[in-house]
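Here is the naming used below: chain letters follow the sequence lines, and residue numbers restart at 1 for every chain. Please read all numbers here as calculations on a predicted model, not as lab measurements.
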Amino acid sequence: MTQPPDTPAIALEMRGMTKRFPGVLANDRISFDLRLGEIHALLGENGAGKSTLMNLLYGLYPPDSGEILLNGKAIHIHGPRDAIDLGIGMVHQHFMLVPPLTVTENIMLGMEETRGLLLDAVRPAARIREIADRYGLEIDPDAKIKDLSVGLQQRVEIVKALYRNARVLVLDEPTAVLTPQEVDALFVTLRTLVSQGVSIIFISHKLKEVMAIANRITVLRQGKVVGSTTPAEADEAKLASMMVGRPVLLTVEKGPATPAATVLDVHDLRVMSDRRSVAVNGVNFHVRAGEIVGIAGVEGNGQSELVEAITGLRAPASGTVSIDGVEMPHENPRAVIMAGASHIPEDRHKFGMVKDYPLSTNLVLSSFDRPPFTHGFLLDQAAIDENARKLVKEFDIRTPDEQTAMGSLSGGNQQKSVVAREFSRPMKLLIAAQPTRGVDVGSIEFIHRRIVEARDAGNAVLLVSAELDEIMSLSDRILVMFKGQIVGERDGETATRSDVGLLMMGKT
Amino acid sequence: GAATPTAVPPKPTEAPKPTAVPATAVPPTAAPKPTDVPKPTAVPATAVPPTAAPKKLKVGLVTDVGSLDDKSFNASAWAGVQRAMKDFGIEAKAIESKQPTDYQKNIGQFVNEKYDLIITVGFLMGDDTAKAAGQYPDQKMAIVDVGYYDDKAPKNGMGLNFAEDQSGLLAGTLAGLMTKSNVLGGVYGLAIPPVCKFRKGYEAGIKSVNANAKVFGVYQGPSDGTPFQNPAWGAARAKDQIQQKADVIFSAGGNTGNGGLEEIAKATGVLGIGVDQDQFLTLSDNVKKILLTSAMKRVDQATYLAVKDVVDGKFKGGNVVFDIKNDGIGLAPYHDLDSKVSADIKTKVDAAIKGLKDGTLKTGVDPAADPCK
Amino acid sequence: MKRFSIASIWGSAWAPIGSVALALVIAGIMMAITNSNPLDAYRALFEGAFTRPGTDTRPTAFFETLVSATPFLVLALGISLSFAAGLFNIGAEGQLYMGALASTMAGFMLKGLPPIIHLPLALFAGALAGALWGGIAGWLKATRGAPEVVTTIMLNYISYSVVNYMVNGPLRGTGSAPRTPDIEASAILPALLAPPERLHWGIAIAIACAIGYWVLMKKTPLGLQIRLVGANREAARYSGINVNRTYFLAMAISGGLCGLAGAIEVLALYKFLPTEFTTGYGFDSIAVALLGGGNPIGIGLAAILFGALVNGATYMQFSAGVSNYIISVLQAFIIVFVAAPGIVRDLFGWIRLRRKPAETVEAAGAKG
Amino acid sequence: MEQLIAALGQIDYIFLIAVALRAATPIVFAALGGIFSERSGIVNIALEGMMLTSAYVSFRIAVAAGSPWIGLLGGIVAAMLVAALHAVVSIRYRTNQVVSGTVINIFAAGITGYLYRAFPTTESADYLPAVSIAGLKDLPLVGPILFDQGFLTYVMVLAVFVTWLVIFKTKWGLRTRAVGELPRAADTAGINVNRMRFYNVLISGALAGLGGAFFTLQTVSSFTPNMTSGQGFIGLAAMIFANWNPISALFASLLFTIPQALAGQFQLYNVPLPYQLLSTLPYVLTIVTLAGFMRRSTPPAAEGIPYPEDART
Ligand SMILES: Nc1ncnc2c1ncn2[C@@H]1O[C@H](COP(=O)(O)OP(=O)(O)OP(=O)(O)O)[C@@H](O)[C@H]1O
Ligand SMILES: Nc1ncnc2c1ncn2[C@@H]1O[C@H](COP(=O)(O)OP(=O)(O)OP(=O)(O)O)[C@@H](O)[C@H]1O
Ligand SMILES: [Mg+2]
Ligand SMILES: [Mg+2]
């Protein structure tokens, strides 16, 4: 196509990119271009093929066909090394940082500087600091990754790309785990980068952000480009239906809560983190039947430890957790389950599923040893499969069949499966941690509806999310957690984004 | 030296393969009269006139879990049979056992092939051999290192036993006289009866000539790596004793013991004593330099003569003890160190040999008791 | 969780067969180089393992193969169970020793019991001792996080000494050789056939164990629990499984099976406990377990294969004069080819490539 | 009891440590080998087999070439070839790494035993020089420990520190650790994961090769079947015990060999305990220490997992 003269030159162009994985055509003749100094957003539901396309660009897989042009020249990328040398940088959906290594070590990995035979960490650290304050991305070069909050880790990923002099920067769902304030900060950074001639591909499930930051928007569905547009031409609803292929309700409609008796009571809870520091510091709160209590907070302010303590995955240092007035024994998930708690875990890969096992087994993970799935000493495989078929239909889980290994489902469908399992048990308390992380608008709509239904069915719901919108739209009461403590409580109806956002930053 | 080198083809040899039964487990009454046992003149092999056997005799040998190439016990037994093959033109085969559960099967193998004599090697096979002998009364059998008690002794089974304690006593006598530091050592394999007998005799020998000598000794523990096969461990234990000023050390523990000898060779002014066969003929040059002698246990001689009995139609069941009287045990020559051994010491050692022969000298090893207690 | 179908069984069968063949070829070349005749050797190996008929003095070859396969099977089941729980039990040998010791003690110390009580009691004693020995490692793993690889290696060596000490000391019989007294007739695991056949009820027990293993792992919640802990420890915790208890249980059951194997050996074959009574069954069985791929049928076949190799080796030696060691070499190649069918495929592909142009290579590839 | 006290009083502990250090030589080499391999993500239980192979080959070549140095070289190369086998099978063919390791141990035992018998020899190899540093070896205390050891023992001590430097202070080490912890991250940083792993496994082979040569070129001048006698597994244990840290591995090995030497001394002084039970001392102590003082060991996160994880082969 012919460009009007004033539009900036094409920095990067991908033509007819095709990638097939066993059973899936992940990318189907996708063409995509990125202009110099623009932010081009890539949208699409889970499994649409966004990450795959970017992985092709970055040389993580060879494309089955298609060609890539950089500044008009055809290039051949055989591996990340080539991509890096060509000035392509990528911040991956799942961070590519080695937890036990320091920030500096992670950033210089692959392009280390040495003094004699030994590593030189000094010069790189200096450069990192310099980059850090040029773009306002403070980080401590000597900190170990495993000690950093997700937000900071993501910062490290960006610095890592800049350290490699990226001229084309790919951000795969960079804001999934950031607070509004962090998102604003990130956007400032991105604009500075763009002003300095960096071109950016921005992948996100968050339409608001896309509308705010992108110059152009391209939408994928099932491996194909379904269209390109601009924030000016489109609105969120239009984008959503482009992605999913049907109209989507972006707002949850829920009636007023009718709270009843207290179900979950957390009293003066103190919990240690893995690195033996106080993560939860004397937290008190309760959740009543029929209400959704949302815990807002920046990642790494103790929410994870709080949830693990409540669900019995982690022994508290002191304090008590009671369900229906019964004090729960320490570090005993079974007792909590038996007390009627369901738990949508924050980290579905670590806790939520056994990826090599069939969906059917995963759907009875915490109930296989009881009727109806076990009679006497024997498992009832028929009942287990039947249960799976039922849930797959009811929760509209996209899977070839119930024997498919859960690990091979797309992120959104894995999450739906976890939700399905937890909802399928008799429950009175639902603990939902980051229930829609990395999940597409379609699935978000679905999961949110389920959570509200659970409340209306008279369950107590504890919602923990770093997603402010999620908290705002679902919670009847909002508690804000900061540095291991509850720093404020707001009413779900009256609370405002900025107010809660400030609390999350510890500013009262 | 007492015994002349055997006709065993020179092979590196290791410590004796300790064997179970107190050689004299046979009650005195049943004690073999000189006539029962092959005349000393029968030794060495070269002295035996090749007698052409009418029909080709077949001899089968079954090893315990030790292997034919252990360059020691089993090898020595097989060497005797091979010598008999040459001398009497018989036919012979050997089977190595991989599992102790194979013993019956392997014996059965030969019984089935109608072998004239089946030789089994090592106390571990004692029970299975006895059983087989009972099962097939006209099958001639001989077992090395087992002395059956009367009641158990099968008519068709021959127990070839050794007075390891006598062999050890001679080594001890020599060691006790040779030492300057008055400290002596010993590195032994697992404490199974033959090893214990070697040690007991050795220590008795030392005391007999040098009452106030200091004597060290270490058995390889069952957890110290593979039994009889941990040279590194043996070497370390020898080093312990060298550091304790031991200047003569007896090594009887298979490759474990050989490790000891190698360690001795690294030190200066320390001598070693080998075991089983004349290890001078078989161990490395650096060990030759320090190998005073070897406490021999003539397994090859025993098997050779067992075959000869069958050839000569003189085969009898019951126990045979190979001791100093019939040159079944003895000291190997001093070889290169001959000059180091004073005439006086040599006479004292020969006196000890004489004493053992005429029974005036005793090793103090009680045949009825477990030598390892 | 794979469904069984003739196709899948055949599909998975061709690879092992090709592997064995390839292993035989390679080991054969080695023999040829060291100038002994591989064909004679293999004929003897095969006859000695399978076809050689019994006589009044010699047991039937195939029955002997089963006799050797018995301990392999039971041990490999035990080891597989530890694998399923994500544990690596290198301690089978030690657990087997302790099992043998305990069942021997029960076998000769208890007198005047009827077989119906004595024999099961002796077997149980062995299993229990093995379970305790394995349980120690499991318990240390669960409570102290001590890696079972280390503790089981250590426990092996300790068991050698314990057994040796007992047999030479407290339990030493009156006989000339250092060994325990004979086990009471009432505790002997009877033979299935008249002598010289040695095939005994152990094989039946082993098969029962295999079936039990399958039921436990595939059909019971406990089995699923063990497998889940092995597949994703954290997810298991999340779903209310007591991971530490499971570790202990898995090691105990695993050790129990290994102990039972020891009991069967002494009660059926030795009928007393000698000083030096087994040589590395516990380690070879790790290979059997890995070869069997966690599935009782596979483990059974692997056990028979190993039994055949061990058993056939004797006759191979006798009639072809080839040393035992070659058997280990064979085992190694067979396992590696079975475990990495890719190699076999590539080799065949490569061979075809030599012969004629490329397209056959896909054919070879496609098969896999 | 009083004999025990007496013995404890008589023992020359300096000497004891010297002996223990020597005994630790092959164990530490094995542990270091394991550290390189496993830090890069490849489980290596084949160290025993690699050492045994090297023990045999270094002996053969030392004899043939009449030089222990060439023998040493040969042993190292042989062990590296075995390592290469392990690497190819577990990297290229993505085979379970425990399977591959087990196979190699069986194979090494078989092939060395087979060749030992197929080509019998009575010759014996020359030793690598024992380096006893004249003046220093008579120093009080440290003298015998530090300055009166075999060549390979010095190499071992050196190797411990070099390994520590390489793993924690060099580019190579950084990449190795990255590859063993989160290979995908290393990959996206442009590092060839499987090549790193391959070379690290080769290095582990080289170290195991040095460990194997200890038996035939420093301790005994001839090969005997199975002479490594399980030291490779002890080394593996030491590595895990030491949490994959070279320096700790040295101490873990000593924690094992010192009690062993002690048990030997106890026999010398006729401590009235059954020698069988004495010989379990090192094993019991190891377990007790593990149970008592060790925090949960944390293996490299990607250990045992082929890369890329989801490659459908
Ligand atoms: N390595 C792989 N092997 C097999 N299938 C894969 C692989 N990577 C991705 N897929 C499949 O390809 C499709 C596209 O996956 P991709 O990760 O690109 O989706 P996405 O658009 O990034 O989704 P999300 O929004 O959840 O990140 C999905 O069906 C996924 O299951
Ligand atoms: N398997 C065994 N059965 C009985 N005695 C043995 C055995 N192994 C070694 N011995 C005894 O130990 C001494 C050393 O034997 P040998 O030199 O054969 O040790 P080894 O070679 O390490 O053992 P093996 O070769 O039998 O494995 C011999 O005197 C022998 O009596
Ligand atoms: Mg994605
Ligand atoms: Mg031997």
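For D:Asp12, the part sitting under 4.5 Å from any heavy atom of chain B is the side chain, from C-beta outward, and nothing else. When heavy atoms are compared at a cutoff of 4.5 Å, B:Ala265 does not approach chain D at all. Heavy atoms of D:Glu123 lying under 4.5 Å from chain B are absent altogether. Neither the backbone nor the side chain of D:Phe266 comes within less than 4.5 Å of any heavy atom in chain B. Interface remark: D:Ala261 contributes backbone and side-chain atoms alike to the contact with chain B (heavy atom separation under 4.5 Å).
Judged as a side chain to side chain contact (heavy atoms under 4.5 Å, CB included), and not counting sequence neighbours, the contacts of B:Lys214 are B:Val183, B:Phe216.
Between chain B and the residues D:Gly230, D:Ser221, D:Ser222, the most heavy-atom pairs under 4.5 angstrom are made by D:Ser221. Put simply, of B:Gln244, B:Lys266, B:Gln241, the one with the most heavy-atom pairs under 4.5 Å next to chain D is B:Lys266.
Side chain of B:Gln220 to main chain of B:Phe228: a donor-acceptor pair is present (N/O by atom type, distance under 3.5 Å, no hydrogens or angles).
Looking only at side-chain heavy atoms (C-beta outward), D:Gln265 and D:Leu278 stay at 4.5 Å or farther from each other. Counting heavy atoms from C-beta outward, D:Tyr283 and D:Pro259 have side chains that stay 4.5 Å or more apart.
One side chain, D:Glu48 or D:Thr228, offers a donor N or O that lies under 3.5 Å from an acceptor on the other.
The side-chain hydrogen bond (donor to acceptor under 3.5 Å, both in side chains) pairs that include a residue from residues 50-64 of chain D are D:Tyr56-D:Arg60, D:Ser58-D:Thr216, where partners are two or more places apart or lie in different chains.
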